[in-house]
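Below is one structure; the comments refer to it alone.
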Amino acid sequence: MMSSVPLSWYLILSAILFGLGIAGFLFRKNLITVFMSIELMLNAVNLSFVAFSYHLKQVDGHIFTFFVMVVAAAEAAVGLAIILTVFKNRSTLEVDEVDSMKL
Amino acid sequence: MDLILFLIFAIFAVACAINLVIQRHPINSALSLIGVMGALAVLYLLLGGEFIAAAQMIVYAGAIMVLFVFVIMLLNAGAERRSSKSLLVRLLGVPLLGAFFAVLGYTVHRLLPAVDPVRFGEFTGGSPGEFGRVLFTRYLLPFEVTSALILIAILGAVVLARKEID
Amino acid sequence: MDFFTLTLIKAGIVAAILLTTLAYLQWAERKLLAHIQLRLGPSRVGPHGLLQPLADVIKLLTKEDLLPAHVNKTLYMIAPFLAIALALIPISVVPFGPEIEVFGVNTHLQLTDLNIGLLFILAISSVGVYSVVLAGWASNNKYALLGSLRSAAQMISYELPLAVALASALLMANTLSLREIADSQAGYYLGFIPRWSVFQLPMPQIISFAVFLIAGFAETNRIPFDLPEAETELVAGFHTEYSSMKFASFFMAEYANIITMTCIATLLFLGGWHPLWPAAYGSSFVPSIVFFSGSAIALYHGLHPARPKDRYSLPAVAIAFLVAGLLFLVPALGGILTPLFWFAAKSGFLLFLFIWVRGTLPRFRYDQLMRFAWTYLFPVAMANLLVTGVLVAVFA
Amino acid sequence: MLPEILREIPVARALESWDPSAIVDGATALGEAVLYIAPEKIRDVCRQLRTEHGFARLGGITGVDWYPASPRFEIVYFLHSIGNNERLRLKCRVAEGQELDSVTGVWRAANWYEREIYDLFGITFRGHPDLRRIMLPEDWEGHPLRKDYPVHGHRYSYKDE
Amino acid sequence: MSEPDLSSSSLTPAEEPTEGSTSRRRMVLNMGPQHPSTHGVLRIILELEGETILNATPDIGYLHTGIEKECEVKTYQQVVPLTDRVDYLANLSNNLGYSLAVEKLLQLEIPPKAQWMRVLLVELTRINSHLVWLGTHAMDIGAMTVFLYCFREREDLLRIFEMFSGQRMMTSYIRVGGLALEPPRGWEQAVGKFIDAFPSKLAEYEDLLTKNPIWMNRTKGVGFLALEDLLDCGVTGPMIRAAGMKWDIRKDEPYSSYDKFDFEIPTREASDVYARYEVRLEEMRQSVRIIRQAMDGMPEGAWVTSAPNVVLPEREKMKTQIEALIYHFKIVTEGFTVPAGEAYVCIESPRGELGYYVVSNGTSKPHRVFMRTPSFANLQALPDMVKGRLIADTIAALGSIDFVLGDVDR
């Protein structure tokens, strides 16, 4: 049937997004961009959850996704607060330059 | 119809994700990420996740990413400096990544047992009612734990971002 | 009839009416505000300035579209586009009336009925903040940046009480589909008290209605919460650097958001298209009576004109009103138009409220605004949600 | 050297006994008292007047150009005591190029007035915290309120245009 | 004004702090010279952290027109129209201050009717000026309707001024020696109608503002400056009365027969924007009281003094008597001479102490005219009022100072 999509395509998309997330995480130097790459990976995983949920015809995958979102929200709040503090103390966002434990 | 929608939004998501990685200025990356999230929300809808699609927009795109954009604007963070990479990396990086994804896709496609293709409307368990029923019965404990987590995160963020008392 | 054809026809009608309303809402605002302030308002273009919106559109379209040199071009172009798109989308799930039959076709007075209609609107409106933020950021102007920073903080803060206020109304309606929400408020207590959400037992939602309206004012950046574009402080806030049609799209977006907000308030709290009292007591004659009396007033003033040109314009208005009133008496049309009348009347009243407040109140200071959201509005909305939840659990 | 006419003014007598060399001249005309103060003493006199005689307010400072007389300028201080409902005018005769002590330390109000005189008369005040032009652009040439400044025919173009 | 930090208050516009410096989060915002709420061309250089103001440096001079210099090449009577343009919202007060100074030098006796007319007109000017202040101040804080209400009444006032002088704003109606023209027929009705209606209009403004919680939130405790600081900065007028100092030149050094009028000096203790608002509103009520007294007790007699060498003769006399013709010729061609000397006269303008210091060298042109304008001194207090507050408070504080840029820059 031409108009439907194999489930595996969703999973491949998820894998690609995850891979790009990793790439961003590894190659970017800006703390905020690194952080956003992590969010991208989380999103990729969420897509697999929802896809599997469809496959199993159960809502549990959605609930997992929901929890991931909530945790991501908490993570973003704390993470951005840390970034703010780092920037306040060192006035840079480059990962390479934030390398000492103390000022 | 499903296929067209899937292709449009999948390609859009991947394009945005690539843009996220290659853009030098964090605000562009953030906007790309919002694009990815919007595309994913539509894909969730195609998979029958009505509530989760709305939540994706409200929580992820509407709240978390606003926070990101807000912080970027507040810090007035400039573009990243260009780093000197070796010629090898520059020439081979992108083809290698493409090849890696191709292998990955093939593997996933092969390993997955043959199942029915996704048809829109076949699974309606993701409606808000159904979602809520499961969330507040089977997953009540995790739900409560998560709310505690959120509370702690709020406190942590407030403590961290607060002005130093001098 | 084919689903697509039907939807296309409905989309056309809704778009036409919405865009006209947008233009004339602005006219109405200027006119009303002018009368509140004891002046005339637009009166040059057309009778009573009725062609003013058209003139404005022509003016804005033909104005030079400036692109300042120092802006981030892509984002600068995207922002107004985003604003107007995100402001117009939500209207697609708003129902304006019950199921009707036209030329043998049964259809709802609604573009599409999503079972997560309200969530959809929330989702779209939560993304709406980006247009403001991007406009401010891309303008590369300090006033614009300050305006958009304020705006982002304000919209996020007020979305919470707004959503909580909605939640308590939803607890009683028990659905997310806007049409079912409106239908859940049909009927009357003791035969005459409407079962609207604001009156409904077990917990009348008056408090959440008030919270919703206040947060709605803030979400749409209206006085007293118009800090993102507080012109005396930040020149024009986030759209300082915009001109021509881009500037106009921000304004259209603002008015479209106001319309969406009033529609949601009407549907959730004021019973949608259900009349104030039952048809048994003659509520279906109200539209005709309103139009007829309007016609009589216009005719009277046309016969005793204050200005010479009123001699012709006011009788014309009277005739238009007379025809409108008669249309409601036609049995086939009355069934369709009466619910629409009630819906429009309630939304119109709320729109009037928006304008009235603008003519009355000064502006908050930024920190007061945030404090108001977090220390008054949010706790009140939460408490109301709790009480509603308990009462619904006890009585349901 | 207190002129006879000022003997009736208590403030003048008190100043005379505090520092005989402070007042160099004085006059009363039309019911207004004017004291001419030695330029190098102006800050001390002002401080004395403020702390001991209740002149809490400085109404203003201005200059008068008596070109071509010498010394050329008169700097006029308008003092006011709200408590005693009394007004007093101090004057300093200043030659061109001569500096004067700033009284910003006595009244903050003097800040802009001294800047204005610096701007429009070209008289420098020693110890002023922020002596810049106030009315005219920073790169303006000349001092317009001087009598030898042309009234007509002046051209100016902003430097950064 | 505290000692400004020279390094940070550089005048280069909107200087971005250099990258990596510790002050990177400090933003320099140029408020003005074109800005909706600076009421003219005032520039304030704000140093911000977020929206908190670390430092504010007013930069004035954008409206400097050199009026003081221009006075030196005009005859004494020709200076009067220039004084209109100093404080263009209270031009009659400026006319009066200058005329009083020259009259003092000439030692002219002004007939009672002219004096009472002057009081009446100056009080109308005070209402006019306060109306513009209230309207724009309320507009700045977002109350748009009050602005239009105020301008409705101001329109009536401008019509009255036009009736008297033929000009709505630049009236030049008070001249050396008395008034410019005989008061027009029917002025009693016009003024009477206005002051009968005005108290109820004041109540309308108060309905919209005085008890409005948002208004109170925006104004109470904002722009506070202690009385000592205000005195130190040379602030006068309603601002100092709002800090509890009961000092009004009309009472303490009465001029133009103000001592014959019965009125109160409103004071408040709070010294914030709200207190200044209350004081000015009360001043408008007192002005109505003074105007009513002036109308009821308006003396009969000449509206201009009889000093043939200063005041132009009547038209009829000029055409029939040779002395009058000679005087007319002399006054018109070269002006009147003023004996050498100097005089300082200050009056209570709507904004505070308005002093005219006129130095004469015995010719028909003043040697020097110094205008001690209230706005100039009052504006000096701004930085202290807004330091550590938010941008929105700057707007409120600016409005409460009620400066006129023409008055600041001259």
Side-chain angles (χ1 to χ4, degrees), chain A residues 1-13 15-17 19-21 23-24 27-30 32-33 35-37 39-40 43-44 46-47 50-51 53-55 57-63 65-67 69-78 80-85 87 93-94, chain B residues 1-3 6 10 13-14 17-18 20-21 26 29-30 33 36-37 40 43-44 47-49 51-52 55-56 59-60 63-64 67-68 71-72 75 77 80-81 83 97 100-101 104-105 108-109 112 115 117-119 123 125-126 130-131 134-135 139 142 146 149-150 153-154 156-157 160-161:
Chain A
M1 197 168 150
M2 206 26 229
S3 73
S4 52
V5 189
L7 190 67
S8 59
W9 289 22
Y10 283 94
L11 298 177
I12 293 167
L13 175 64
I16 291 175
L17 291 181
L20 286 168
F27 298 138
R28 295 279 70 165
K29 288 216 213 94
N30 191 313
I32 297 181
T33 319
F35 204 174
M36 285 190 288
S37 305
E39 295 291 333
L40 179 63
N43 266 284
N46 283 351
L47 182 62
V50 176
S53 189
Y54 175 88
H55 174 56
K57 301 286 184 285
Q58 277 179 345
V59 77
D60 302 51
H62 294 185
I63 288 173
T65 306
F66 184 70
F67 283 138
M69 277 181 202
V70 176
V71 173
E75 176 210 331
V78 178
L80 288 173
I82 292 174
I83 288 180
L84 271 178
T85 320
F87 188 80
L93 285 176
E94 303 276 305
Chain B
M1 194 71 187
D2 285 20
L3 181 71
F6 174 81
V14 172
I18 291 172
L20 188 163
V21 178
S29 301
L33 188 53
V36 175
M37 285 165 176
L40 286 185
L43 295 179
Y44 292 167
L47 289 167
F51 179 78
I52 215 71
Q56 168 93 355
V59 178
Y60 249 133
I64 299 181
L67 214 57
F68 272 92
V71 167
I72 293 170
L75 300 185
E80 226 173 279
R81 271 179 300 150
S83 57
L97 195 70
F100 171 70
F101 283 146
L104 196 73
V108 170
H109 196 67
L112 206 71
V115 290
V118 175
R119 260 187 295 275
F123 171 63
E130 185 62 29
F131 184 92
V134 179
L135 180 66
Y139 290 97
T146 326
L149 174 78
I150 281 275
I154 293 172
L160 275 171

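Atoms considered below: every heavy atom in the structure, side chains included; atoms not considered: hydrogens, waters and symmetry mates. In what follows, every chain begins at residue 1, and chains take the letters A, B, ... in the order their sequences are listed.
Looking at B:Phe100, neither its backbone nor its side chain comes within 4.5 Å of chain A, counting heavy atoms on both sides. Heavy-atom distances place the side chain of B:Leu40, and not its backbone, under 4.5 Å from chain A. Contact of B:Val14 with chain A is made through backbone and side chain together, with heavy-atom distances under 4.5 Å. Contact of A:Glu75 with chain B is not made at all, since no heavy-atom distance falls under 4.5 Å. Heavy atoms of B:Ile52 lying under 4.5 Å from chain A belong to its backbone as well as its side chain. Both the backbone and the side chain of B:Ala55 come within contact range of chain A, with heavy atoms under 4.5 Å apart. Interface residue A:Ile82: backbone and side-chain heavy atoms are both found under 4.5 Å from chain B. Proximity to chain B is limited to the side chain of A:Leu13, based on heavy atoms less than 4.5 angstrom apart.
Ranked by heavy-atom pairs under 4.5 Å with chain A, the first of B:Val59, B:Leu67, B:Val36, B:Leu20 is B:Leu67. For chain B, the option among A:Gly61, A:Ala72, A:Ala23 with the highest count of heavy-atom pairs below 4.5 Å is A:Ala72.
Interatomic distance, B:Ile72 CD1 to A:Asn30 CG, rounded to the nearest 0.5 Å: 7.5 Å. Rounding to the nearest 0.5 Å gives a distance of 13.0 Å between CH2 of A:Trp9 and CG of B:Leu43. A:Phe66 contributes atom CZ, which lies 6.0 Å from atom CG of B:Leu135 (distance to the nearest 0.5 angstrom). B:Phe68 contributes atom CZ, which lies 4.5 Å from atom CZ of A:Phe35 (distance to the nearest 0.5 angstrom). In this structure, CD in B:Gln56 is found 8.5 Å from OG1 in A:Thr65, a value given to the nearest 0.5 Å.
The shortest non-hydrogen separation linking B:Ser29 to A:Thr33 is OG-CG2, 3.7 Å. When all heavy atoms of A:Ile16 and B:Phe101 are compared, the pair lying nearest together is O-CZ, 3.6 Å. The minimum heavy-atom distance between A:Met69 and B:Ile64, with the atom names listed, is O-CD1, 4.0 Å. Annotation for B:Val21 and A:Leu20: closest pair CG2-O, 3.3 Å, computed over non-hydrogen atoms. Closest of all the heavy-atom pairs between B:Ala17 and A:Leu40 is CB-CD2, 3.9 Å. Minimum interatomic distance between B:Ala153 and A:Ala74 (heavy atoms only, all atoms of both residues): CB-CB, 3.5 Å.
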Could you go through B:Tyr139 and A:Asp60, starting from their C-alpha distance and side-chain angles, then the distance that decides it, and tell me whether this counts as side chain to side chain contact (heavy atoms under 4.5 Å, CB included)?
CA-CA 9 Å; B:Tyr139 290 97; A:Asp60 302 51; 2.6 Å; yes
Where do A:Glu39 and B:Tyr60 land on the side chain to side chain contact (heavy atoms under 4.5 Å, CB included) test, with the steps shown first?
CA-CA 9 Å; A:Glu39 295 291 333; B:Tyr60 249 133; 3.1 Å; yes
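With contacts defined as side-chain heavy-atom distances shorter than 4.5 Å, the pair B:Ile150/A:Val70 qualifies.
For A:Ser8, the side chain to side chain donor-acceptor pair (under 3.5 Å) criterion is met by B:His109, not counting sequence neighbours.
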